[in-house]
**Student:** 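Let me give you the structure first, and then I'll get to my questions.
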Amino acid sequence: MALWRIDACKAETGDRSNTSIYNAIRAGLFTKPVAIGQRAKAWPDYEVKAVVRARIAGQSDEEIRELVNRLHAKRVEQLATV
């Protein structure tokens with residue numbers, strides 16, 4: 001698994017600004033970043049790819065919100081097994 005900084009996420013999603021990513025997070029349409037330093041954040045690549053695949057597949061916003069919730073739950077499960 002790779003961790004992508006915001007520029008890589010924007011390139012993958014086609015977004016042009018940091019604001020568009022953070023607006024999608026607030027709307028529940030993109031996963032929250034993980035802290036990789038005091039002021040640095042990144043996203044697991046598989047989460048970004050999953051959201052992009054859902055968009056390409058034409059899933060509704062509600063379906064993508066459910067996907068984002070499942071991805072966040074998967075993070076918690078993975079941390080519990082470490």
Side-chain angles (χ1 to χ4, degrees):
M1 163 183 37
L3 292 173
W4 288 355
R5 299 294 302 270
I6 195 154
D7 287 338
C9 293
K10 289 188 305 190
E12 186 75 11
T13 62
D15 287 312
R16 288 187 234 163
S17 69
N18 295 3
T19 303
S20 59
I21 295 285
Y22 285 105
N23 284 341
I25 292 168
R26 279 189 284 285
L29 299 172
F30 203 74
T31 58
K32 295 176 182 176
V34 294
I36 58 172
Q38 282 187 316
R39 294 182 53 186
K41 306 230 183 286
W43 288 259
D45 63 336
Y46 69 89
E47 291 181 359
V48 177
K49 291 176 183 180
V51 171
V52 169
R53 281 193 303 271
R55 281 276 172 223
I56 291 170
Q59 292 186 0
S60 69
D61 284 354
E62 190 54 41
E63 291 171 316
I64 293 173
R65 282 186 189 96
E66 290 173 16
L67 169 64
V68 167
N69 289 334
R70 286 193 310 270
L71 290 168
H72 284 149
K74 183 178 177 180
R75 278 189 198 173
V76 173
E77 288 174 20
Q78 287 175 340
L79 287 174
T81 61
V82 173

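The structure displayed is predicted, hence computed values, not measured ones.
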**Student:** List the atom of Val52, the atom of Thr13, and the distance in Å for their closest heavy-atom pair.
**Tutor:**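 Minimum heavy-atom contact is CG2-CG2, 3.9 Å.
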
**Student:** List, one per line, each side-chain donor-acceptor pair under 3.5 Å for residues 3-11, sequence neighbours excluded.
**Tutor:**
{"unit_1": "Arg5", "atom_1": "NE", "unit_2": "Lys41", "atom_2": "O", "d": "3.0"}
{"unit_1": "Asp7", "atom_1": "OD1", "unit_2": "Lys10", "atom_2": "NZ", "d": "3.3"}
{"unit_1": "Lys10", "atom_1": "NZ", "unit_2": "Asn18", "atom_2": "OD1", "d": "2.8"}

**Student:** Under 4.5 Å between side-chain heavy atoms, counting indirect links through other Ile/Leu/Val/Met/Phe/Trp/Tyr residues: same cluster for Leu71 and Val34 or not?
**Tutor:**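 Hydrophobic grouping puts Leu71 apart from Val34.
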
**Student:** So which heavy atom on Lys32 is nearest to which on His72, and how close?
**Tutor:**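 It is N-NE2, 2.9 Å.
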
**Student:** Charged N to carboxylate O below 4.0 Å: is that the case for Lys74 and Glu77?
**Tutor:**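 Salt bridge absent between Lys74 and Glu77.
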
**Student:** Is Glu63 reaching over with its side chain to a backbone N or O of Ser60, donor-acceptor style, under 3.5 angstrom?
**Tutor:**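 Pair found, side chain donor or acceptor close to backbone of Ser60.
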
**Student:** In this structure, would Met1 and Val51 fall into the same cluster of hydrophobic residues linked by side-chain contacts under 4.5 Å?
**Tutor:**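 Linked, Met1 and Val51 end up in one cluster.
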
**Student:** Pairs under 3.5 angstrom only: tabulate donor-acceptor contacts from the side chains of residues 21-30 to other protein residues two or more places apart or in another chain.
**Tutor:**
{"unit_1": "Asn23", "atom_1": "OD1", "unit_2": "Arg26", "atom_2": "NH2", "d": "2.7"}
{"unit_1": "Asn23", "atom_1": "ND2", "unit_2": "Thr19", "atom_2": "O", "d": "3.4"}

**Student:** With sequence neighbours left out, which residue pairs that include part of residues 50-59 fulfil the side-chain hydrogen bond (donor to acceptor under 3.5 Å, both in side chains) condition?
**Tutor:**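 Those involving residues 50-59 are Arg55-Asp61.
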
